[in-house]
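Below you'll find the structure, written out as C-alpha cells, and then a few comments.
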Protein chains: 2
Amino acid sequence: MGTTQLDTVPEPKYWHLKTVLTDALDSEFAVGEILPNERELAARFGVARATLRQALEQLELEGRLQRRRGVGTTVAPPRMGVAVGERAHSWEDADDAAWQPVDSTETAPPAEIARLLEIQPGALVHTVRRSRVGHGQPIAAELLYVPPASVPGLSALDTPPGAARARAILRELRHVELGGREQSVELGSARADQAKALDRLPGAPVLVVTTRYTAAGHTIAVAVATYRADTCRLTFGDGAGVELLAG
Amino acid sequence: MGTTQLDTVPEPKYWHLKTVLTDALDSEFAVGEILPNERELAARFGVARATLRQALEQLELEGRLQRRRGVGTTVAPPRMGVAVGERAHSWEDADDAAWQPVDSTETAPPAEIARLLEIQPGALVHTVRRSRVGHGQPIAAELLYVPPASVPGLSALDTPPGAARARAILRELRHVELGGREQSVELGSARADQAKALDRLPGAPVLVVTTRYTAAGHTIAVAVATYRADTCRLTFGDGAGVELLAG
DNA sequence: AAGTGGTCTAGACCACATT
DNA sequence: ATGTGGTCTAGACCACTTT
C-alpha cells in the first residue's frame, strides 16, 4: 500500500522509459547534446542495459536520437523535409547539387524492376548510382535503371562506365519528354552497400521510394531511392506553397 | 584449418540469419504458412533466442513475416499498395468503403497541427477519427482536424459528437473547393490507441502521412494518418496508370 | 588505453490465444 | 493447461572512435 497502483494493465518498462526520456529530451536537452552513456543511463533508471536500449532504439527510430558506435548518443535535430514528388526529384535539375552522380554500369536489373520496365528478365540496362546530400549529411542512395532504348542518343562506347557515363545518361534523359510518374513509399532496411553510403549500420530503417517514369505510355526508367528514415521526412507537393510541411 | 575463413569482416549472426531465413522464405514457404516457434528455430540454428528474434524483427519490419503473440509467426503476403496521393484519399469519395468514420469530438489540436492550420494554439477544432481497411485488415488510423471556419454550414448543436457528427463534417467539407494539397511521409511508432486500432502492439512501425488541404490559399484542414508499415506500400500517382506500382 | 555503442548468451517470467 | 510471442535480466565480449 502507498505505492501507485495504476498498473492494472502494466506498461512495459521500456515503453514507460521511452516516455520519460521523450519528456526529458523536450525539456532538458538541446539539439546535439550528448546523453550519458547506456550503462550509466540503465543504472540511473534501475533497468538492465538491454531494456534501456530497447527504449533508445525506438527513440532513434522516431528521429529523436542519433547513436554512433564508439562516440555516443546525441539529441537529433528535427527531421529535414526532403522533396521527392516534384520535378526537382528528377534528372531535370541535374545542375543543382541535390543529387550527385556516382557511377554507372550495365547490369541486369532485379526481376521486380525488369517487370516495371517492361523488358525481358535478364536484359541489360544502364544502372546509374546517385547519392543525395542535405545539411552536409548523406540522405539517400539511388539506383536508376534506364533501358538502352530510352537513351538512343547515347553511344555507350564513347564513355567508359563511371561517373562520366552517369552524367551522359542523365543528360540524354533530359531530352525525353516526360509523360507521367508514379511513386510508392515503403519501409525497408538498408543493405550493406546502402548502409555504407548512408553512413549507417546495415539494417538501418530506410524509406524506399520507387519511381516509375513514363513517356508516351511507356516506361522509360525506374528509380529506387533509399532515404534515411531517421533523419528524413519525405514531402510530396502540389506545387503551391511547399514551405510549411517541408520544414 | 579446413573451416571457411571468409569472415575477415565477421558478419553479425543475426544478419547472416536474416539472409538464410529470407532465402528459405522465398523457396520453401508459402504465404500464410506457420514457421516453427522461436525456441525451436533458435535451437535449430544454434543461437540464443534473442539473436533469432533480432533477425525475425527485421524480417517483420520488411513485411516478410507476421508475428502474433499467443499464436505464432506466419509468412506475410506481399505488401498491399495503398493510394494516398489521389483525390481518392480525400473526403470526396466518402461513398466508397475505403475510409470508415469512427467518431468526432471538439478538441484543441497539438501545437504542431495548430501551426499548420494557422490558428491559435489552444483553439478548438473538429477532430474526426477515421479508419481505413483493406483486404479485411485494418490499414490506417487517421485524425482529421477541421477548424469550425472551414465548415460554416455545420450547426454543431444539430448532431451530438460521434459517428453521425463525423459524417456531417465530411459532408460539409465536400462543399469546399479544394485548392491544393501537400503531403509528407515519415517513419513513426504507433501510440497505444493507434496500435489498438491497427491491431498491433504499441511501438509498431507506422508510416505517418500528414496532409495539408488548402483552398484559396488558406489551410482548411489537416489530416494525420498512420499506416501499418509492415503491410502497406503507399502509392502516389499522377493519375495515369497507377496499376503497376499499386500491386 | 579507455570509453562508447553493437552483438550475444542462457536463462526467467509475463501476456495472450487456443485447446 | 498448454504453447506462443513479448519483456527483462546480468552478465560477457566485440568493433569502433577518441585520447
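Here is the naming used below: chain letters follow the sequence lines, and residue numbers restart at 1 for every chain. Hydrogens, waters and symmetry mates are skipped; everything else that's a heavy atom, side chains included, is used.
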- Item | Within residues 190-206 of chain A, residues whose heavy atoms come under 4.0 Å of DNA chain C | A/Leu201

- Item | Polar side chain donor-acceptor pair, B/Ser189 to A/Glu62, under 3.5 angstrom | yes

- Pairing of B/Arg132 and B/Glu142 as salt bridge, 4.0 angstrom limit: no

Determine all donor-acceptor pairs shorter than 3.5 Å in which one atom belongs to a side chain in residues 202-209 of chain A; sequence neighbours excluded.
none

- Message: What is the separation between atom CG on A/Leu17 and atom C1' on D/dG6, rounded to the nearest whole Å?
- Response: 17 Å

- Item | Spacing of B/Arg49 atom CZ relative to C/dG11 atom P, expressed in whole Å | 14 Å

- Message: Near DNA chain C, counting only heavy atoms under 4.0 Å, which residues of residues 50-77 of chain A show up?
- Response: A/Arg53, A/Arg67, A/Arg68, A/Arg69, A/Gly70, A/Val71, A/Gly72, A/Thr73

- Item | Residue pair A/Glu106 / A/Thr127, side-chain heavy-atom distance below 4.5 Å | no

- Interatomic distance, B/Tyr14 OH vs C/dG6 P [rounded to whole Å]: 10 Å

- Message: Tell me which residues in residues 32-45 of chain A lie within less than 4.0 Å of DNA chain C, going by non-hydrogen atoms.
- Response: A/Asn37, A/Glu38, A/Arg39

- Query: With side chains defined as the heavy atoms from C-beta onward, is the minimum distance between B/Leu21 and B/Leu56 less than 4.5 Å?
  - Reply: yes

- Less than 4.0 Å between a side-chain N and a carboxylate O, is that true for A/Arg200 and A/Asp230? yes

- Task: Would you mind reading off the distance between A/Trp15 atom CH2 and C/dC14 atom C1', rounded to a whole angstrom?
- Result: 18 Å

- Message: I'd like to know if B/Arg53 and B/Glu38 make a salt bridge, using a cut-off of under 4.0 Å between side-chain N and carboxylate O.
- Response: yes

- Any pair with a residue in residues 25-34 of chain A that passes salt bridge (Lys or Arg N to Asp or Glu O under 4.0 Å), sequence neighbours left out, goes on the list, sorted by first then second residue, please. A/Asp26-A/Arg64

- Query: Tell me the side chain to side chain donor-acceptor pair (under 3.5 Å) pairs involving residues 68-78 of chain B, sequence neighbours left out?
  - Reply: none

- Item | Min side-chain heavy-atom separation A/Phe236-A/Val185 under 4.5 Å | yes

- Would you check if B/Val224 and B/Ile113 make a side-chain contact, meaning some heavy-atom pair closer than 4.5 Å? yes

- Item | d(NE2, B/His16; P, C/dT7) in whole Å | 16 Å

